[in-house]
Amino acid sequence: MPGKPASPQQQLSTLPLEALKGVGPGLKQRLAILHLHSVQDLLFHLPLRYQDRTRLAPIGRVLLGQDVMLEGDVVHCDIEFGRRRSLVCRIKDGTGLLSLRFFHFSAAQKNMLSPGTRVRCFGEIRPGKTGFEIYHPEYQVIKPGETPALSDSLTPIYPATEGLQQTRLRNLIDQALALITPESLREWIPQAVLAQVIRQTRWPSLSQALAYLHHPPVDAPVQQLFDGAHPAQQRLAFEELLSHRLCLRRLRKQSAVQQGPEMRAQHRYRTQFLHQLPFKLTGAQQKVSAEISADLQQPRPMLRLLQGDVGSGKTVVAALAALQAVDNEFQAAIMAPTELLAEQHYFNFCQWLEPLGLKIGWLSGKVKGKQRRETLADIADGSAQLVVGTHALFQDEVVFQRLGLVIIDEQHRFGVHQRLALREKGLNKQTQPHQLVMTATPIPRTLAMSAYADLDVSIINELPPGRTPVNTLIIANTRRPEVIARIHAACQSGSQAYWVCTLIEESEALECQAAEVTWQALQAQLPDLNIGLIHGRLKPVEKASVMTAFKKGELHLLVATTVIEVGVDVPNASLMIIENPERLGLAQLHQLRGRVGRGAKASHCLLLYQTPLSQAGKLRLGIMRDSNDGFYIAEQDLALRGPGQVLGTQQTGLMSFRIADLVRDADLLDPVKSAADYIEHSYPSHVDPLVDRWLGDRELYGNV
Ligand code: ADP
Ligand code: MG
């Protein structure tokens with residue numbers, strides 16, 4: 001029987017929606033679409049924005065784009081015939097005139113709005129033929145002598161769905177608010193956390209915050225609410241971020257009960273390897289290597305993200321990790337997202353490790369026939385101690401003898417599922433290989449903390465010595481001839497250069513074609529230079545021979561598509577031209593630019609943009625010109641484009657918060673982390689209800 005809860009102690013989290021007046025099966029279904037299943041869920045269904053219906057705006061003072069409530073007398077009301085027939089009703093108050101425009105209207109409506117009638121209306125101010133207009137306002141006719149009351153709080157606008165009106169949602173939420181008691185809606189964040197961990201005394205209690213946000217008073221600071229900076233919003237954003245973090249930590253704990261292969265820190269191969277390296281490890285490389293080595297010695301599977309800017313030397317760190325596996329008679333797999341990058345790794349590992357007597361397998365989709373069978377056999381009987389490849393390594397036919405470590409380069413290119421698939425290739429169901437995920441696209445700290453909270457993070461925050469920062473210039477493509485002259489001069493004086501053609505309309509075929517056209521044009525314009533071409537459609541042997549020629553210095557200029565984005569390492573190349581850089585994300589541009597500036601020579605990167613360049617485009621390229629710091633660039637990119645774009649569409653869903661905003665609320669993340677630790681440790685029973693409150697049945701991240 002629908003009605004009141006059994007008692008004021010009844011938890012709203014378990015109180016079904018039917019307890020509210022007016023909820024039947026049809027409404028319940030529509031509420032379920034919004035993930036609303038309990039009375040508590042309604043309370044945490046927070047407004048997207050607010051409308052101010054608490055006062056009347058003077059017509060003379062309204063602004064474009066504003067939602068306003070106003071009142072005036074009809075001056076005239078006529079049908080306008082034009083491209084589209086409309087009813088235009090002009091109204092005035094003491095301060096100005098404004099038109100209400102209706103594209104759908106009835107004769108009765110026209111008659112009702114006759115001159116002299118007083119109307120109150122609400123809508124958005126937009127520019128129209130007669131000046132400021134409101135299209136299809138909500139309106140009511142006011143009878144002489146009447147003054148209908150104005151709303152006494154801001155009107156919340158909720159996320160809604162078809163067949164579910166705002167007024168209905170408001171009514172249900174109001175009923176839910178009335179059921180709040182200290183027992184029915186528990187504060188799961190202990191007072192000690194609020195007081196000590198975030199030293200926050202200004203924040204309202206949970207129930208105060210909810211009541212305020214569902215019904216902000218007339219004098220509420222509208223701008224602060226709009227900015228999400230109100231203490232009530234911050235209080236809830238904090239709790240939401242905390243719940244997300246606790247949820248990821250819970251997932252992580254579940255995977256930590258799994259066994260991992262223990263790898264003692266033996267130094268047989270490691271010492272030999274370091275001895276023959278032509279350089280010393282940087283302090284940062286040593287530090288992260290030690291972190292990884294300590295993880296590998298644990299009987300739990302490692303889950304570690306290794307971040308380091310382009311050129312910071314992650315490959316050596318990966319090799320050291322792989323050697324610890326090999327020293328303990330385990331196999332290690334190294335996987336990269338593109339053929340070219342995987343080949344580069346294969347080449348590096350062969351060069352470094354074959355002299356130590358190790359056997360390295362190579363597997364990509366293009367390895368076929370006898371060669372493939374042999375490689376698969378080497379992997380299966382353990383004679384290949386290391387295996388390098390592309391996602392071909394995920395396939396079912398690949399069976400390892402004793403896989404102990406999986407290294408994945410450029411994590412953000414792989415889906416989480418792929419990452420898991422390789423984990424499954426471990427020794428048996430109970431034992432999972434260790435996992436090291438490397439990324440050169442620095443994931444902004446804010447995202448790393450939330451999206452990758454199931455991973456430990458090591459950061460290489462230092463470049464090898466002797467690098468000179470790349471000098472970046474922004475040039476309009478109308479100055480192409482100057483750029484070509486500059487390449488000529490640079491190559492004449494012994495440098496090498498890249499010319500990068502960027503993606504056209506997401507089509508690899510077109511991109512390759514564009515590169516070919518550019519290659520031909522440049523050959524005609526620079527006849528005394530040796531110019532190579534590389535793109536994704538060349539056969540592996542062709543790619544390899546072009547790259548080798550460029551490495552050896554036989555080619556002056558390499559025309560390339562974005563396939564060179566990652567992995568390519570030619571220290572003598574000190575000039576890069578990127579055509580249409582406005583098409584790429586900042587992180588990707590930074591990756592590309594990282595191909596130069598690897599030697600001692602001063603390097604330059606010319607961003608040759610297509611005119612005209614949008615304001616946003618200027619801003620973005622300006623960031624590239626002004627900074628060489630991948631982390632800074634990634635943060636800026638995040639602020640400009642939002643997390644969905646930065647992480648890629650695949651993972652967009654993962655960033656949906658109800659009230660928190662990773663960029664805006666970045667300063668809450670550290671306190672959230674401490675609070676999560678505190679609660680896990682001292683109040684473990686609060687974890688589940690918090691997670692349930694904010695995440696409920698919503699699909700959480702793929703990181704399970
Ligand atoms: P990334 O982190 O972008 O993958 P790489 O591992 O490709 O960087 O390293 C970039 C270049 O720096 C390579 O030529 C590598 O041999 C070199 N390198 C790596 N570590 C050092 C170091 N400690 N000192 C000097 N050069 C190094
Ligand atoms: Mg690399």
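Order of appearance sets the numbers: ligands from 1, and atoms from 1 within every ligand.
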Enquirer: Only one of Gln401, Gln385, Lys359 clears side chain to side chain donor-acceptor pair (under 3.5 Å) with Asp378; which?
Expert: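 Among the candidates, only Lys359 passes.
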Enquirer: Quick check: do Leu436 and Ile408 have side-chain heavy atoms less than 4.5 Å from each other?
Expert: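 No, side chains not in contact.
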Enquirer: Show the atoms of ligand 1 that are less than 4.0 angstrom away from any heavy atom in Thr315.
Expert: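 Near Thr315, meaning under 4.0 Å from one of its heavy atoms, ligand 1 has 4 (O), 5 (P), 6 (O), 7 (O).
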Enquirer: With Val317 as reference, evaluate Leu306, Leu281, Ile407 under the side chain to side chain contact (heavy atoms under 4.5 Å, CB included) test and give the passing residue.
Expert: Leu306
Enquirer: Under 4.0 Å, heavy-atom basis, I'd like to know which part of Lys280 is in contact with ligand 1: side chain, backbone, both or neither.
Expert: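 Contact part for Lys280 vs ligand 1: backbone (N, CA, C, O).
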Enquirer: Under the 3.5 angstrom rule, does the side chain of His434 hit a backbone N or O of Pro261 as a donor-acceptor pair?
Expert: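 It does hold such a pair.
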Enquirer: Under 3.5 Å, N or O to N or O, is Gly311 touching ligand 1 that way?
Expert: yes
Enquirer: Can you name the atoms of ligand 1, numbered from 1 with element, that are less than 4.0 Å from a heavy atom of Thr282?
Expert: 23 (N)
Enquirer: Please identify which atoms of ligand 1 are closer than 4.0 Å to at least one heavy atom of Ser312.
Expert: 2 (O), 8 (O)
Enquirer: Strictly below 4.0 Å, N to O, side chains only: are Glu462 and Lys287 in salt-bridge contact?
Expert: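 Salt bridge between Glu462 and Lys287, a charged N being under 4.0 Å from a carboxylate O: no.
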Enquirer: With respect to Pro465, determine whether any N or O atom, backbone or side chain, lies less than 3.5 Å from an N or O atom of ligand 1.
Expert: no
Enquirer: Side chain, backbone, both or neither: which part of Leu281 has a heavy atom under 4.0 Å from ligand 1?
Expert: backbone
Enquirer: For atom 17 (C) of ligand 1, tell me which residue out of Arg598, Gln591, Arg467, Lys314 has the closest non-hydrogen atom.
Expert: Arg467
Enquirer: Report yes if some heavy atom in the side chain of Met624 is under 4.5 Å from a heavy atom in the side chain of His590; otherwise report no.
Expert: yes
